[in-house]
Amino acid sequence: MNPLVGPDTGRSGTALSVNVNKVALLRNTRHLGIPSVVHAATLCLQAGADGITVHPRPDERHIRAHDVHDIAGLLKDWPQAEYNIEGNPFHNLMDFVRELAGKGIPPQQVTFVPDTEGQFTSDHGWDLALDGERLRPLIAECTALGVRVSLFMDPLPEAMALARAAGAQRVELYTEPYAAAHAAAQVADAAVHGPASLSDQLARFAAAAAAAQAHGLGVNAGHDLNRDNLADFLRAVPGVLEVSIGHALVADALEFGLPETVRAYQRCIRAAESGAGWPGGG
C-alpha cells in the first residue's frame, strides 16, 4: 500500500501541485516538441513545487498519453514529489492508473472530475447522490492499487458524508466561485457588492472543509486560484492539504519565468500559514 494513501501524508502545511496542462497546450500548436512538458515539470520541481498535476482529456487537446507516462518516469527521480492525475474515471483516467500501476509507478493521487468529453474546463463537482454507487468500485480499485482518491466537489457540507461513504480519502473543493467573488471585491463597486459576496463564499468553503475533515477526509482545493487570492483562501479555510494550480501559474510564468513563479506561489502559501500578508513579488 502506498503510504500516501489517506488524508495524512506527513507533509506539514499546504502542498503546491503545478498543473502543466497549459504547457502542453502551447506545445500542441506546432510539431516541434517545444515547450517540453517534462522540462517544465522539472523546472517546477527544482524551484520547490511539491508535485505535478496533469489532466489528460480524451481528445488530447493538451496533455497526451505519452506525457502521462513521461512525467511518471520523471517523478521516479523525485520520490518526495506527488503525482496527481485528474480526469473522469468513466473516460480514460482508469486506463492510465492501471497502466502505471502495472509498471510499478502508480500516481500517488488521482482526482476524479465529472467532466464531459468535450467540456471546456471543469466547472462543477460530483453529484454523489447520482454517481456515488458508480464511483465506489473505481475508488476501491484505485485504493487497492495504492493510489489515493480525491473527488472534485462543490463546497457543500452535506455532500462530504457521501464522499466518505463512496470510499474517497480526499475531496478537492472547486474554487472558481470563490475566485470570482474575490475578483469582484476588487472592482470599484466592491463596497456595495464585493465583500459580502466574498465573505459568503469563504464561509461556504470553510464550512465544507470543516465537514470534510469531520468525516475523516483530507481537503484539497483548485480552480482559478492565483497569486492574488491564494493566501486569502488558505487563511480562511484552515487545513487545506494541497492546492493544484495551472492556468494562472503558467500565465504568470510568461512574465516571471517558471522557477520564480513557483517560488512566488510558495511565498503565498507560507504567508497564509504564518498569518502575514502576502509579501508580493513575481
> Got a second to check how far His182's NE2 is from Asp224's CG, nearest 0.5 Å?
Replying inline: 12.5 Å
> Is any side-chain heavy atom of Thr111 closer than 4.5 Å to a side-chain heavy atom of Val113?
Replying inline: yes
>> Grouping I, L, V, M, F, W and Y whenever their side-chain heavy atoms are under 4.5 Å apart, do Leu25 and Val68 come out in a common cluster?
In response: no
> Quick one: does Arg270's side chain get under 4.5 Å of Tyr265's, heavy atoms only?
Replying inline: no
>> Under the rule for side-chain hydrogen bond (donor to acceptor under 3.5 Å, both in side chains), what residues qualify as partners of Ser244, not counting sequence neighbours?
In response: Thr53
>> Strictly below 4.0 Å, N to O, side chains only: are Arg27 and Asp67 in salt-bridge contact?
In response: yes
> If you measure from CD on Glu133 to CG on Leu162, what distance do you get to the nearest 0.5 Å?
Replying inline: 10.0 Å
> Taking side chain as C-beta onward, heavy atoms only, is Val171 less than 4.5 Å from Asn220?
Replying inline: no
>> I'd like to know if the side chain of Asp154 reaches the main chain of Leu156, judged simply by a donor and an acceptor atom lying under 3.5 Å from each other, with no hydrogens or angles considered.
In response: no
>> How close do Asn92 and Pro56 get, counting heavy atoms only, and between which atoms?
In response: ND2-O, 3.0 Å
> Roughly how far apart are Met160 CE and Leu128 CG, rounded to 0.5 Å?
Replying inline: 8.5 Å
> Got a salt bridge between Arg61 and Asp59, using NZ or NE/NH1/NH2 to carboxylate O under 4.0 Å?
Replying inline: yes
>> Please give me the minimum heavy-atom distance between Ala209 and Val237, naming the atom from each residue.
In response: CB-CG1, 3.5 Å
> Counting distance only, does the side-chain N/O of Arg164 pair as donor-acceptor with the main-chain N or O of Ala214 below 3.5 Å?
Replying inline: no
> Atom CZ in Arg64, atom CG in Asp70: separation rounded to 0.5 Å?
Replying inline: 12.0 Å
> Can Leu254 be reached from Val262 by stepping across I, L, V, M, F, W or Y side chains whose heavy atoms are under 4.5 Å apart?
Replying inline: no
>> Measuring from atom CG of Leu249 to atom CG of Leu258, what distance do you get when rounded to the nearest 0.5 angstrom?
In response: 7.0 Å
>> Between Asp50 and Ser17, is there a side-chain heavy-atom distance shorter than 4.5 Å?
In response: no
> Would you say the side-chain atoms of Gln169 and Gln109 include a donor-acceptor pair closer than 3.5 Å?
Replying inline: no
> Do Ile85 and Leu93 have side-chain heavy atoms sitting under 4.5 Å apart?
Replying inline: yes
> Without hydrogens or angle criteria, can the side chains of Asn229 and Asn226 be said to hold a donor-acceptor pair below 3.5 Å?
Replying inline: yes
>> Is it the case that the side chains of Gln266 and Arg263 hold a donor-acceptor pair, with the cut-off being a distance below 3.5 Å and no angle test?
In response: no
> Which distance, rounded to the nearest 0.5 Å, do you find between the NZ of Lys22 and the NE2 of His247?
Replying inline: 4.5 Å
> At their closest point, which heavy atom of Ala211 faces which heavy atom of Pro157, and how far apart are they?
Replying inline: CB-O, 3.6 Å
> Any idea which heavy atoms bring Ala236 and Pro238 closest together, and the distance?
Replying inline: O-CD, 3.4 Å
> Would a 4.5 Å heavy-atom cut-off, applied to side chains only, mark Tyr178 and Leu225 as touching?
Replying inline: yes
> Got a donor-acceptor contact below 3.5 angstrom from the Thr14 side chain to the Ile269 backbone?
Replying inline: no
> Are there more than 12 heavy atoms of other residues, nucleotides or ligands under 6.0 Å from atom NE2 of His66?
Replying inline: yes
> Would you call Arg57 and Glu86 a salt bridge, taking side-chain N to carboxylate O under 4.0 Å as the test?
Replying inline: no
>> If you define the side chain from C-beta out and look only at heavy atoms, does anything of Asn84 sit under 4.5 Å from Asn19?
In response: no
> Which word best sums up how the rings of Phe152 and Tyr174 line up, parallel for under 30°, tilted for 30 to 60°, or perpendicular for over 60°?
Replying inline: tilted
> Looking at the rings of Phe233 and Phe205, which for Trp means the six-membered one, are their centres under 6.0 Å apart?
Replying inline: yes
> Hey, does the side chain of Tyr83 reach the backbone of Val110 with a donor-acceptor pair shorter than 3.5 angstrom?
Replying inline: no
>> Same cluster or not: Ile245 versus Leu26, using hydrophobic residues (I, L, V, M, F, W, Y) connected whenever any side-chain heavy atoms lie under 4.5 Å apart?
In response: no
> Run the side chain to side chain contact (heavy atoms under 4.5 Å, CB included) check on His69 and Lys103 step by step: do they pass?
Replying inline: CA-CA 10 Å; His69 291 270; Lys103 294 180 177 181; 3.1 Å; yes
> So which heavy atom on Ala181 is nearest to which on Ser197, and how close?
Replying inline: CB-OG, 3.8 Å
>> Are the side chains of Trp126 and Met153 in contact, using a 4.5 Å heavy-atom criterion?
In response: yes
> Yes or no on side chain to side chain contact (heavy atoms under 4.5 Å, CB included) for Val219 and Leu241, after CA distance, side-chain angles and deciding distance?
Replying inline: CA-CA 6 Å; Val219 176; Leu241 297 175; 5.7 Å; no
>> Assess the residue pair Cys142 and Met94 against the criterion (side chain to side chain contact (heavy atoms under 4.5 Å, CB included)); give the C-alpha distance rounded to whole Å, side-chain angles, the decisive distance to 0.1 Å, and a yes or no.
In response: CA-CA 8 Å; Cys142 289; Met94 293 302 298; 3.7 Å; yes
>> Whether the side chain of Glu60 engages the backbone of Ala65 through a donor-acceptor N/O pair (distance < 3.5 Å, no angle test) should be reported.
In response: yes
> What's the shortest heavy-atom distance between Ala81 and Leu45, and which atoms?
Replying inline: CB-CD2, 3.7 Å
> Of all residues at least two apart in sequence or in a different chain, which pass the side-chain hydrogen bond (donor to acceptor under 3.5 Å, both in side chains) check with Glu141?
Replying inline: Arg98
> What's the verdict on side chain to side chain contact (heavy atoms under 4.5 Å, CB included) for Leu198 and Leu202, showing C-alpha distance, side-chain angles and the deciding distance?
Replying inline: CA-CA 6 Å; Leu198 178 57; Leu202 286 171; 4.2 Å; yes
